[in-house]
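Comments concern the structure below.
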Amino acid sequence: MNIEFKKLGEIEKSNIVDLMNNSLVRKQMPLLRGVFNEIDCDRFITSKEQMWEEHGYGPWAFVINNEFAGWGGIQPDNGEADLALVLHPDYWGMGKTIYKEIISRAFNELGLSSVQVLFPPSRTRIKGLLRLGFKKEVELKIANERFIRYRLNKTDMGPSKK
């Protein structure tokens, strides 16, 4: 299995549009409203690439065996480092492998001390997240949608989780 981390701009826009309009993906993303079209895709790519320019890090496109599988990585978010992982349902089984690489880069290459994830309360299957060392912090609202913030501190990671 060959997994590559590429720039989002290297991906065919139609693949990103298809992912962002997938009904199973959209169920996990309450801030994604309306149909995601090519104009939205252009804005999305521009905003994600701007993160790289301004902060030196941002999300990647994940390509597995030469097929676009999704996007994610570490994104700056109001002074926090936010972990995002959005995979096409065909690749949901690859999440942990990709996650391990993202976390390795976050803590070892970027030198971050912690990362956060924001889950809507509808995401009730969180045992895996907790097993990875994330701890529930607070509930907050973003664009009138409720989210629960979980945090992973580098110091809380046991040897088996690194």
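What you see below is based on every heavy atom in this structure, not just the backbone, and it leaves out hydrogens, waters and symmetry mates.
The two residues F44 and S47 make their nearest non-hydrogen contact at O-OG, 2.9 Å. Closest heavy-atom contact between P121 and R146: CD-O, 3.1 Å. The two residues A81 and S114 come nearest to each other via the heavy atoms CB-O, 3.9 Å. A pairwise comparison of heavy atoms in F5 and R105 identifies CD2-NH1, 3.5 Å as the closest pair.
In the hydrophobic cluster analysis, where Ile, Leu, Val, Met, Phe, Trp and Tyr join through side-chain heavy atoms closer than 4.5 angstrom, V138 is grouped together with F147. One hydrophobic cluster holds both F68 and L32 under the rule that ILVMFWY side chains link at heavy-atom gaps under 4.5 Å. Hydrophobic clustering (side-chain heavy atoms under 4.5 Å, transitive across Ile, Leu, Val, Met, Phe, Trp, Tyr) keeps Y99 apart from W71. Cluster membership for L110 and W52, using ILVMFWY side-chain heavy atoms within less than 4.5 angstrom, is shared. Hydrophobic clustering places L130 together with L132 (ILVMFWY residues linked when any side-chain heavy atoms are closer than 4.5 Å, directly or through intermediates).
Expressed to the nearest 0.5 Å, how far CZ of R131 lies from NZ of K127 amounts to 8.0 Å. A distance of 6.5 Å separates CD1 of I142 from CG of D77, quoted to the nearest 0.5 Å. Between the NZ atom of K6 and the CD1 atom of I11 there is a distance of 6.0 Å, given to the nearest 0.5 Å. Distance check, rounded to the nearest 0.5 Å: CD of E38 to CD1 of I45 gives 9.0 Å.
Partners of K135 by salt bridge (Lys or Arg N to Asp or Glu O under 4.0 Å), not counting sequence neighbours, listed by chain and number: D156. A search for salt bridge (Lys or Arg N to Asp or Glu O under 4.0 Å) contacts involving R151 returns E80, E137, not counting sequence neighbours. With sequence neighbours excluded, no residue forms a salt bridge (Lys or Arg N to Asp or Glu O under 4.0 Å) with R123. Residues forming a side chain to side chain donor-acceptor pair (under 3.5 Å) with E4 (at least two apart in sequence, or on another chain): none. For K13, the salt bridge (Lys or Arg N to Asp or Glu O under 4.0 Å) partners are D42, not counting sequence neighbours. Qualifying side chain to side chain contact (heavy atoms under 4.5 Å, CB included) partners for S14, counting only residues two or more places apart in sequence or in other chains: E12. Residues satisfying the side chain to side chain donor-acceptor pair (under 3.5 Å) criterion with Q50, sequence neighbours excluded, are E54.
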Going by atom type alone, with no hydrogens or angles, which donor-acceptor pairs under 3.5 Å involve a side-chain atom of residues 85-92 and a protein atom two or more places apart or on another chain?
| unit_1 | atom_1 | unit_2 | atom_2 | d |
| --- | --- | --- | --- | --- |
| H88 | ND1 | D90 | N | 3.0 |
| W92 | NE1 | L87 | O | 2.8 |

Less than 3.5 Å apart, which donor and acceptor atoms pair up between the side chains of residues 55-66 and the rest of the protein, not counting sequence neighbours?
| unit_1 | atom_1 | unit_2 | atom_2 | d |
| --- | --- | --- | --- | --- |
| N65 | OD1 | N2 | N | 2.9 |

Exercise answer: donor-acceptor pairs, residues 15-25 side-chain atoms, under 3.5 Å, sequence neighbours excluded:
| unit_1 | atom_1 | unit_2 | atom_2 | d |
| --- | --- | --- | --- | --- |
| N21 | OD1 | R26 | NH1 | 3.4 |
| N21 | OD1 | F36 | N | 2.9 |
| N21 | ND2 | V17 | O | 3.0 |
| N21 | ND2 | F36 | O | 2.6 |
| N22 | OD1 | L24 | N | 2.9 |
| N22 | OD1 | V25 | N | 3.3 |

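Residues L129 and F119 form a side-chain contact, since some pair of their non-hydrogen atoms from C-beta on lies under 4.5 Å apart. Counting heavy atoms from C-beta outward, L152 and F107 have side chains that approach closer than 4.5 Å. A 4.5 Å side-chain heavy-atom check between I74 and V115 finds at least one atom pair inside the cut-off.
Residue pairs meeting the salt bridge (Lys or Arg N to Asp or Glu O under 4.0 Å) criterion with at least one member in residues 107-121: none, sequence neighbours excluded. Residue pairs meeting the salt bridge (Lys or Arg N to Asp or Glu O under 4.0 Å) criterion with at least one partner in residues 43-53, sequence neighbours excluded, are D40-R43.
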message: Quick one, I3 with E101, criterion side-chain contact (heavy atoms from CB on, under 4.5 Å). Give me CA distance, side-chain angles, the key distance, then yes/no.
response: CA-CA 10 Å; I3 302 173; E101 180 63 26; over 6 Å; no
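No more than 12 heavy atoms of other residues, nucleotides or ligands lie within 6.0 Å of CZ in R125, so this atom counts as exposed by the packing criterion.
R149 pairs with exactly one of L118, V117, D82 by the side chain to side chain contact (heavy atoms under 4.5 Å, CB included) rule, that one being L118.
Side-chain N or O atoms of N153 include none that pairs as donor or acceptor with a backbone N or O of T155 at under 3.5 Å.
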